[in-house]
Amino acid sequence: MSRLFSPWRLRGVELKNRIVVSPMCQYMAQDGVAGEWHRVHLGSRAVGGAGMVIVEATAVSPEGRISPGDLGLWNEAQEEALRPIVAFMRSQGAVPGIQIAHAGRKASTAPPFRGGSFLSPGEGGWPILAPSALAFGSGGSPREMSEAEIGRVRESFVGAARRALSAGFDYLEIHMAHGYLLHSFLSPLSNRRTDSYGGSLDARMRFPLEVLDAVRKVWPEERPLGVRISAVDWVDGGWDLESSLVLARKLKERGVDLVDCSSGGIVPHAAIPVAPGYQTAFSERLRKEVGVATLAVGMITDPAQAEHILVTGQADGVALAREMLRDPYWPLHAANRLGVEFPWPAPYARARS
Ligand SMILES: Cc1cc2nc3c(=O)[nH]c(=O)nc-3n(C[C@H](O)[C@H](O)[C@H](O)COP(=O)(O)O)c2cc1C
C-alpha cells in the first residue's frame, strides 16, 4: 500500500492521491487573462495524474502582479478564461486549486525569462505598495501603504476569492510566502511600521490574518482553504520557525485546512541550503506541534522520497514544482515505480507498461 497514492480528504473535497502540482508562475497571461498556454500547461498536469493542480500566483489587483504577464482575478474576463480550464482539470480527476497573491514590493518587474529587472512606469511598470518604504534589493522603491490601501487590498483578496469560487475552483491558497505582500508584513526585515500593523509579532500578523478572515467568510465551509508560508527567512533577525508555529496555530484556529511550507524570498541575499527535502523539517514541526495538515515542497523529485516524507509523518501531501515541468506525467511514472495500480487516461492506456 502506498501512502502517496492513498486518497486525501480536505473538508468536502477528496484528492485521489497526495501529489500536488505546486503553483508556478508562467508569465504568459495577457492583461491577466489565461490563454492557450495555461490550458495546455495546466491540462497536461491534470492528465498526468496529480491529485491536485494549483494554478500559479494569481494577482488580486493590477498593481499586485509580479510582471505584466501574471494571471489576475480582478475582472470578469479573467474569471471566464479560467472557467473551462478548471472544468477540464476536474474532468481528468484533478482537484482544481488556485493561489491568490499580491506581489507587494516585488511587483513591477519583467518576467524572469526577459531578465526579471524592475520596470519603471515608462517601461510599462507601476507604483509599488509595501508595508514600509524599503526596496527589495535593487528593485523599485515602494510606498508605505496607508490604512485605506490596506483595506482596499484586503477587499481585493475577497474579490479574487469570490471569482475563484465562481470559476469553479475547489481549493484556494492565500500566498503569504516568498517576500510578496503578506509575507512582507510578517517579516521584521520588511515591516518597520510604527502603527498597529507593525512592531510586535501580533501586529505584523494583523494584516495577513485580516485577509484570511475576510476570505474565509466568502470561501464556502465545504471547500478547503490553504496558506503558503515561508517558514523561515534564512536570515538572522528575520522571520523564524518559532514565529511560523505561532502563525500556524492562528491559521488553524481561523479555518485554514492546509499549510503549504516553503521558505525564503524576503531578501535577495539569504543563504538557503537548497538540497533534497530541505524544507520538510518545517512541515514536520508544524504538523506535529500545531496539528495542522501540511504540504511539503522543495526538491522532491523521486517517488520513494515522496513516499518516505509521507510515511514518516513529515507532511500530509507533497507539492512538486520543477520536476512537474520536466515530467508532467510524474504521477503516472511514480505509480509504476512504486508498483501501484493507478489508472492511466484511457487514450494513453496502451503506453502503460
Ligand atoms: C517556474 C516557477 C514558478 C514558480 N511560481 C510560483 C508561484 O506562482 N507561487 C509560489 O508559491 N511558488 C512558486 N514557485 C515555487 C514552487 O512552487 C516551489 O515551491 C519551488 O520551486 C520548490 O519546489 P521544487 O524544488 O519542486 O521546484 C515557482 C517555481 C518555479 C520553478
Side-chain angles (χ1 to χ4, degrees), residues 1-24 42 45-46 48-56 89-90 92-99 169-177 222-231 244 248 251-252 255-263 276-324 327-335 337-338 340 342:
M1 276 308 292
S2 157
R3 178 108 178 119
L4 188 61
F5 284 90
S6 64
W8 183 16
R9 196 165 190 86
L10 291 164
R11 296 205 185 217
V13 172
E14 188 164 284
L15 281 67
K16 64 185 171 188
N17 58 47
R18 290 159 187 269
I19 304 167
V20 174
V21 177
S22 201
M24 279 181 279
L42 296 162
R45 270 106 204 131
M52 176 154 75
V53 176
I54 308 179
V55 174
E56 68 194 74
M89 290 196 285
R90 183 178 284 110
Q92 298 307 304
V95 169
I98 187 167
Q99 185 186 56
F169 287 100
D170 280 336
Y171 170 78
L172 183 71
E173 182 168 284
I174 301 175
H175 201 343
M176 295 193 188
E222 71 280 4
R223 295 193 202 205
L225 180 65
V227 168
R228 175 167 268 200
I229 64 165
S230 278
S244 287
L251 298 178
K252 188 185 172 202
V256 165
D257 306 291
L258 186 62
V259 181
D260 182 355
C261 298
S262 189
S263 73
Y278 72 109
Q279 294 173 148
T280 56
F282 307 138
S283 149
E284 180 172 18
R285 286 279 303 272
L286 264 57
R287 184 172 188 265
K288 293 189 172 155
E289 292 179 36
V290 178
V292 68
T294 62
L295 203 49
V297 65
M299 289 196 73
I300 301 169
T301 56
D302 184 79
Q305 175 199 13
E307 183 71 23
H308 176 261
I309 289 168
L310 300 180
V311 168
T312 52
Q314 298 175 69
D316 296 86
V318 289
L320 282 70
R322 287 165 294 180
E323 190 62 11
M324 286 286 186
D327 179 9
Y329 308 113
W330 190 90
L332 303 179
H333 296 145
R337 285 266 302 279
L338 296 174
V340 174
F342 185 70

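The shown structure was predicted, so the numbers you read here are calculated from the model rather than taken from an experiment. Reckoned from all heavy atoms, side chains included, excluding hydrogens, waters and symmetry mates.
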Taking all atoms of both residues into account, what is the closest heavy-atom pair of Ala315 and Thr294, and its distance?
CA-OG1, 3.4 Å
Check whether any side-chain N or O of Arg287 sits under 3.5 Å from a backbone N or O of Gly313 as a donor-acceptor pair, and report yes or no.
yes
Quick check: does any side chain N or O of Arg45 sit under 3.5 Å from a backbone N or O of Met324, one acting as donor and the other as acceptor?
yes
Nearest-0.5 Å distance, CE of residue Met299 to OG1 of residue Thr280:
12.0 Å
Distance col, row Cys261:SG vs Arg228:CZ, nearest 0.5 angstrom, shows 9.5 Å
What distance separates Leu10 CG from Leu225 CG, expressed to the nearest 0.5 Å?
11.0 Å
Nearest heavy-atom approach of Asn17 to Gly49 is ND2-O, 2.9 Å
Ile98 side chain reached by Leu172 side chain, heavy atoms, under 4.5 Å
yes
Would you please name every residue forming a salt bridge (Lys or Arg N to Asp or Glu O under 4.0 Å) with Arg90, sequence neighbours left out?
Asp170
When you compare the side chain of Phe342 with that of Lys16, does any pair of heavy atoms fall below 4.5 Å?
yes
On a heavy-atom basis, which atom in Val95 and which in Tyr171 lie closest, and how many Å separate them?
CG1-CB, 4.5 Å
Separation between CE (Met176) and OG (Ser262), nearest 0.5 Å, reads 14.0 Å
Are side-chain heavy atoms of Ser244 and Ile229 found at a separation under 4.5 Å?
yes
Could you measure the distance from the CD1 atom of Ile19 to the CG atom of Leu332? Nearest 0.5 Å is fine.
9.0 Å
With no hydrogens and no angle check, is any side-chain donor or acceptor of Trp330 less than 3.5 Å from a backbone partner on Ala50?
no
Measure the spacing between CD1 of Ile309 and OG of Ser283 and express it to the nearest 0.5 Å.
8.0 Å
So do the side chains of His333 and Arg337 get within less than 4.5 Å of each other, counting heavy atoms only?
no
Lys/Arg N to Asp/Glu carboxylate O, Glu14 vs Arg9, below 4.0 Å
yes
Here the pair of heavy atoms bringing Arg18 nearest to Arg3 is CD-O, 3.2 Å
Please evaluate residues Leu338 and Leu4 with respect to the criterion side chain to side chain contact (heavy atoms under 4.5 Å, CB included), reporting the C-alpha separation (whole Å), side-chain torsions for both, the decisive distance (0.1 Å), and the verdict.
CA-CA 9 Å; Leu338 296 174; Leu4 188 61; 3.9 Å; yes
Here the pair of heavy atoms bringing Ala306 nearest to Ile300 is CB-CG2, 4.0 Å
Below 4.5 Å, heavy atoms only, C-beta onward: do Met89 and Val55 meet side chain to side chain?
yes
Heavy-atom pair with the smallest gap, counting every atom of Glu173 and Ile54
OE1-CD1, 4.0 Å
